[in-house]
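In the text below, chain A, chain B and the rest are named by the order of the sequence lines, each starting its count at 1. Given the structure is predicted, the values throughout are model-derived calculations rather than measurements. Note that these values count all heavy atoms, side chains included, but never hydrogens, waters or copies made by symmetry.
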Amino acid sequence: MAPNLSLFGRTKQLELQIDSFFDKVSEAAVVFRLGVRVYLKEGYTEEFVTRLDRVVELESEADVLRRDIEKHLYSNTLIPDSRGDVLGLIETMDQLLSEFEDTLWAFSIEKPTIPEELGSGYRKLTNMVIKSVDELALSGRAFFRSPHDVPAYNHKVILYEKEADKISLNLKTAIFDSSLDLSFKIQLREFADRIDGIADLAEDVADRLAIYAIKRLT
Amino acid sequence: MLDPLVLIFLTSGLFLGWALGANDAGNVFGTAVGTKMVSWRTAAIICSIFVVLGAIVSGAGTSQTLGKLGAISALPGAFMTALSAAFAVYAMTKFGLPVSTSQAIVGAIIGWNFFSNNPTDISTLTKVLSTWIICPLLSGVIAIILYQTIKFSAQRVHIHMIRADAYQRVALIVAGALGAYSLGANNIANVVGVFIPAQPLPPVQIGGLLLSSTQQLFVLGGLSIALGVFTYSKRVMMTLGSDLGRLSATSALIAVISHSIVLFMFASVGLEAWLAGLGLPTIPLVPVSSSQAVVGAIVGISILQGAAAIRWLVLAKIIFGWVITPVAACVLCFIGLFFLQNVFGMVVI
């Protein structure tokens with residue numbers, strides 16, 4: 001019975017690693033939101049640096065998990081039918097973490113001055129983007145356990161992405177309607193695009209997930 | 001003392017066994033190995049053990065049916081019957097037509113009956129012919145039931161994909177073992193069934209165990225199937241795995257389980273006795289084609305996914321194979337027996 005036990009042992013470990021990977025994505029989304037909020041409220045502070053450090057940490061932990069999952073799947077020839085899809089999913093999810101990290105780094109390096117009247121726009125945008133990522137994480141988890149539920153979660157990802165686009169558009173209009181220097185306007189627009197881009201990426205991953213789920217269900 | 005000529009005569013049956021092991025093991029473990037869910041080595045070891053076990057433990061039922069169809073009492077006659085079946089299988093494979101060892105051997109026995117003016121038992125023949133139709137149909141029905149059951153359960157029980165994969169591996173090994181056992185039990189009659197009435201081997205005492213001629217034939221036949229599995233099945237398994245590539249792993253597993261259940265049903269003396277005990281109609285113990293059982297199951301699953309999924313041309317080719325195989329074996333056997341009797345002066349009747 002030893003081979004069977006080891007087979008189920010490996011299975012359990014891999015299940016935990018995949019769950020843990022999605023935990024990292026969800027946690028990074030929360031920390032990212034807190035980081036942006038603190039920056040908008042207090043600027044570049046100790047607390048912001050703590051949030052940035054945590055996102056960097058989560059990103060590298062997720063990288064280690066991704067490599068482990070990939071190694072496990074290939075060296076043990078697991079899920080031959082869906083292996084490519086799972087790798088695609090994990091890799092694109094990992095890009096989301098990189099986007100969180102890069103955006104916070106951009107705040108840290110450029111230290112943009114965000115006028116108070118534009119702050120609520122960034123806050124709303126960040127909240128909406130994080131909602132889409134949260135739904136995506138749920139969709140990703142559902143892909144492994146109940147692929148029938150994936151479309152429902154994906155629907156929300158797309159809905160929140162559309163909302164994020166609207167908020168981003170309004171924010172950018174407000175930026176260019178303001179009396180700021182053009183160089184500031186361009187910098188602030190870039191930050192709005194950067195944050196909104198995370199929801200766009202979430203939507204791309206959701207589109208992929210929809211196909212993967214259909215493949216699993218047929 | 002064992003006559004060396006007996007061993008030469010047995011070679012045609014053992015060759016048939018080897019071909020059976022090489023080809024039909026693919027039906028049992030092809031998908032699992034082709035999709036790399038189970039390694040070929042593991043599959044070959046499990047397949048060989050369970051084929052031999054099935055042949056020895058449950059092989060008698062189908063052998064008796066073949067005996068009723070034509071009791072070939074002369075060893076050269078049995079040799080030619082098995083040889084012509086083997087040639088029919090070889091020729092059909094060469095032309096790329098799906099072939100069944102069971103149908104080849106039945107056709108060859110009828111060829112022997114014609115040659116020897118021995119009347120073919122019509123009721124046994126009808127029983128055999130009806131199973132050739134019932135086998136793929138039954139396999140298809142079982143596949144449909146299994147598919148729907150698994151689909152229903154999968155929507156309600158949320159098992160992690162990775163865990164489901166592990167369960168699937170274990171299920172493929174269990175289904176493969178059951179399939180190999182059923183293959184041995186059901187198809188051993190094709191390999192050595194025609195030699196049984198001639199009783200060519202003297203009883204052998206091994207320790208406290210006395211092996212009759214029939215039991216020795218079952219062991220030899222089982223070993224020849226196992227040899228086929230080990231020496232030639234790898235390529236067949238790989239090819240079959242990729243041929244069936246468009247099936248999902250679950251559908252492939254269902255096809256193997258359905259095949260195994262049907263082969264077991266047509267070989268199990270115990271099941272026959274149980275049904276008879278309940279006053280229910282019994283399932284005839286007849287060697288059926290393992291390939292046709294798999295095809296029946298795949299067609300069943302395809303029907304559920306819409307008739308468009310069925311490749312009608314392939315199906316027509318398979319049905320053509322069902323008709324042509326026994327006819328070819330029958331003609332070959334008749335001609336072969338003529339030569340054996342009139343050119344080599346052998347007693348074939």
Taking atom NZ of A/Lys172 as the centre, does the number of heavy atoms from other residues, nucleotides or ligands within less than 6.0 Å exceed 12? yes

Output, in order, the C-alpha distance, side-chain angles, deciding distance and verdict of side-chain contact (heavy atoms from CB on, under 4.5 Å) for A/Glu15 and B/Met161. CA-CA 9 Å; A/Glu15 262 181 66; B/Met161 180 203 272; over 6 Å; no

Report the residues that fulfil side-chain hydrogen bond (donor to acceptor under 3.5 Å, both in side chains) with A/Trp105, sequence neighbours left out, ordered by chain and then residue number. A/Glu101

Are there residues of residues 25-50 of chain A that reach to under 4.5 Å of chain B by heavy atoms, and which ones? none

Sort out for me which residue in A/Thr11, A/Leu14, A/Leu16, A/Asp19 forms a side chain to side chain contact (heavy atoms under 4.5 Å, CB included) with B/His160. A/Asp19

List the atom pairs, with distances to 0.1 Å, where a side-chain N or O of residues 200-211 of chain A and a protein N or O form a donor-acceptor pair under 3.5 Å, not counting sequence neighbours.
unit_1: A/Glu203; atom_1: OE2; unit_2: A/Lys162; atom_2: NZ; d: 3.3
unit_1: A/Arg208; atom_1: NH1; unit_2: A/Tyr212; atom_2: OH; d: 3.1

Does any backbone or side-chain atom of B/Ile159 lie under 4.5 Å from a heavy atom of chain A? Answer side chain, backbone, both or neither. backbone

Distance-only check: which donor-acceptor pairs under 3.5 Å involve side-chain atoms of residues 128-138 of chain A, not counting sequence neighbours?
unit_1: A/Ser132; atom_1: OG; unit_2: A/Val129; atom_2: O; d: 2.7

Check this for me: B/Lys151, atom NZ, are more than 12 non-hydrogen atoms of other residues, nucleotides or ligands nearer than 6.0 Å? no

So with a 6.0 Å cut-off around NE2 of A/His148, is the heavy-atom count from everything else above 12? yes

What one should report as the nearest heavy-atom pair of A/Ile79 and B/Asp165 is N-OD1, 3.0 Å

Enclosure of A/Arg194 CZ (heavy-atom neighbours >12, cutoff 6.0 Å): yes

